[in-house]
Amino acid sequence: GSVNLILKSLTLFPSAPPISPESLFQHIELIAVFLLFVAVRHYVSLFLDNDLVGILSSILTFNALLFSYVMPRASPLWYVHWFPFDIPAVLFITVGLILIYQKKWTQYYLVFLVATVNRETSCFLTVAYLLTSLSKWKTKQVTAHCLLQFLIWATIKYILFRIYSDNPVGDGGLDPTKAHWSLGLYDPNDFAVNLETLINVSAYPFIFSITGFLWVPTMLLLRRVREEFVRRSMVVTVPWCLSMLYAGTLTQLREFGELVPFVGVAFMLALQELLRMETGPSNRGQKLQDVS
């Protein structure tokens, strides 16, 4: 919709060079990637005032994006799809987490609205808000925010469904077994497919490459994450993965791309804590004794 609006706006300038929708999508995605690096670095800086850690977080984000959206998918190769809304979705989730942490609700609801138009996974921002707010704020305030976000999400989903309900659904014949989707909202057949994938042990290395394998050390070091907000928001990964068993496809790693800010920032905080322990007062004292 936004791309169509831009293309129609360009027709008002006859001298402007023609641009295809694909090219415009690519430019938007490139900008989103850059803004995502900036957003992740800013998110990390809320907890750690270290430029080196900020740079490293951007590198890890790039690595995770490669595994989620660029590197070859598992067989069959029809899983290799490019969806221009994927990277912006990761950006919106990251910015949403920042605004939740800073309690900037006006900006948050604007981002939440755009994020929901872009992709339905914005609902997990509400889950993150709920998890990070329990036992901290008034119950009525938390309930009001959750209800408002749900109403925004459901309304936008319904409007989009009504607008595009006549569009053809399915995957265009790339996989005949999945040619019919449930009203274009989700694929109910993926649950059985995902169970078959989980039974196949040989598929595990590929599945474990979610977020560029970064989730593995993050889970092992989660107790090292001192920031309660980041530690609690990591719980989102559980309902996310469970929901994807039914509404998603495990071998499409792009469906887990929005976990990058959850996992990546938690890993950076755990890594910083490990480095702090290595260079703690006792170690520094020992080094001084060795020098003397």
Please examine the side chains of [Y] and [X], heavy atoms only from C-beta on, and report whether any two atoms are closer than 4.5 Å.
| X | Y | answer |
| --- | --- | --- |
| Phe112 | Trp153 | yes |
| Leu46 | His42 | yes |
| Phe62 | Val33 | no |
| Val90 | Tyr69 | yes |
| Leu56 | Met268 | yes |
| Leu271 | Leu221 | no |

State the [atom1]-[atom2] distance between [X] and [Y], to the nearest 0.5 angstrom.
| X | Y | atom1 | atom2 | answer |
| --- | --- | --- | --- | --- |
| Ser57 | Gln272 | OG | CD | 11.5 Å |
| Thr94 | Leu36 | OG1 | CG | 5.0 Å |
| Phe256 | Ser68 | CZ | OG | 9.5 Å |
| Ile59 | Phe37 | CD1 | CZ | 9.5 Å |
| Asn118 | Leu91 | CG | CG | 9.0 Å |
| Leu195 | Asn200 | CG | CG | 12.5 Å |

Tell me if a side-chain donor or acceptor on [X] pairs with a main-chain N or O of [Y] at a distance below 3.5 Å.
| X | Y | result |
| --- | --- | --- |
| Arg232 | Leu131 | yes |
| Ser209 | Phe206 | yes |
| Asn194 | Met244 | yes |
| Thr155 | Ile152 | no |
| Arg231 | Arg224 | no |

Under 4.5 Å between side-chain heavy atoms, counting indirect links through other Ile/Leu/Val/Met/Phe/Trp/Tyr residues: same cluster for [X] and [Y] or not?
| X | Y | result |
| --- | --- | --- |
| Leu250 | Leu242 | yes |
| Ile55 | Leu214 | no |
| Ile210 | Leu198 | yes |
| Val238 | Leu245 | yes |
| Ile100 | Leu110 | no |

Open item on the list: As a quick check of understanding, evaluate side chain to side chain contact (heavy atoms under 4.5 Å, CB included) for Lys104 and Ile98, giving each step before the final call.
Closed with: CA-CA 9 Å; Lys104 295 182 177 180; Ile98 293 172; over 6 Å; no
Which pair of heavy atoms, one from [X] and one from [Y], lies closest together, and at what distance?
| X | Y | value |
| --- | --- | --- |
| Ala266 | Thr218 | CB-CG2, 3.7 Å |
| Leu222 | Met234 | CD1-CG, 4.1 Å |
| Cys146 | Leu130 | SG-CD1, 4.0 Å |
| Ser233 | Tyr43 | OG-OH, 4.4 Å |
| Tyr108 | Thr126 | OH-N, 4.1 Å |
| Glu255 | Gly248 | OE1-CA, 3.0 Å |

TODO: Compute both the distance and the angle, then confirm whether Arg119 meets the cation-pi test with Phe92: under 6.0 Å from the six-membered ring centre, within 45 degrees of the axis.
DONE: no
Open item on the list: Ring centroids only, cut at 6.0 angstrom: are Tyr101 and Phe47 within range, meaning strictly under it?
Closed with: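 Yes - the distance between ring centres of Tyr101 and Phe47 falls below the 6.0 Å cut-off.
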Open item on the list: Applying the side-chain contact (heavy atoms from CB on, under 4.5 Å) criterion to Leu65, which one of Asp86, Ile87, Thr211, Leu60 satisfies it?
Closed with: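 When Asp86, Ile87, Thr211, Leu60 are each tested with Leu65, the side-chain contact (heavy atoms from CB on, under 4.5 Å) holds only for Ile87.
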TODO: Mind checking ring pair (Phe, Tyr, Trp, His ring centres under 6.0 Å) for Phe124 and listing every partner two or more places apart, or none if nothing turns up?
DONE: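 Partners of Phe124 by the ring pair (Phe, Tyr, Trp, His ring centres under 6.0 Å) criterion, ordered by chain and then number, come out as Trp240.
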- [ ] Please identify each residue that fulfils ring pair (Phe, Tyr, Trp, His ring centres under 6.0 Å) with Phe208, with sequence neighbours left out.
- [x] Tyr204, Trp215
TODO: Output, in order, the C-alpha distance, side-chain angles, deciding distance and verdict of side chain to side chain contact (heavy atoms under 4.5 Å, CB included) for Ser58 and Arg41.
DONE: CA-CA 6 Å; Ser58 296; Arg41 183 168 181 175; 4.2 Å; yes
- [ ] Could you check Leu97 against Phe262 for side chain to side chain contact (heavy atoms under 4.5 Å, CB included), going step by step and ending with a plain yes or no?
- [x] CA-CA 9 Å; Leu97 287 172; Phe262 294 99; 3.7 Å; yes
Task: CZ (Phe213) with more than 12 external heavy atoms under 6.0 Å - done: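 Yes.
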Open item on the list: Under 3.5 Å, is there a donor on one side chain and an acceptor on the other for His145 and Tyr109?
Closed with: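 Tyr109 and His145 do have a side-chain donor-acceptor pair below 3.5 Å.
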Open item on the list: Classify the ring geometry of Tyr158 against Phe161: parallel below 30°, tilted from 30° to 60°, perpendicular beyond 60°.
Closed with: tilted
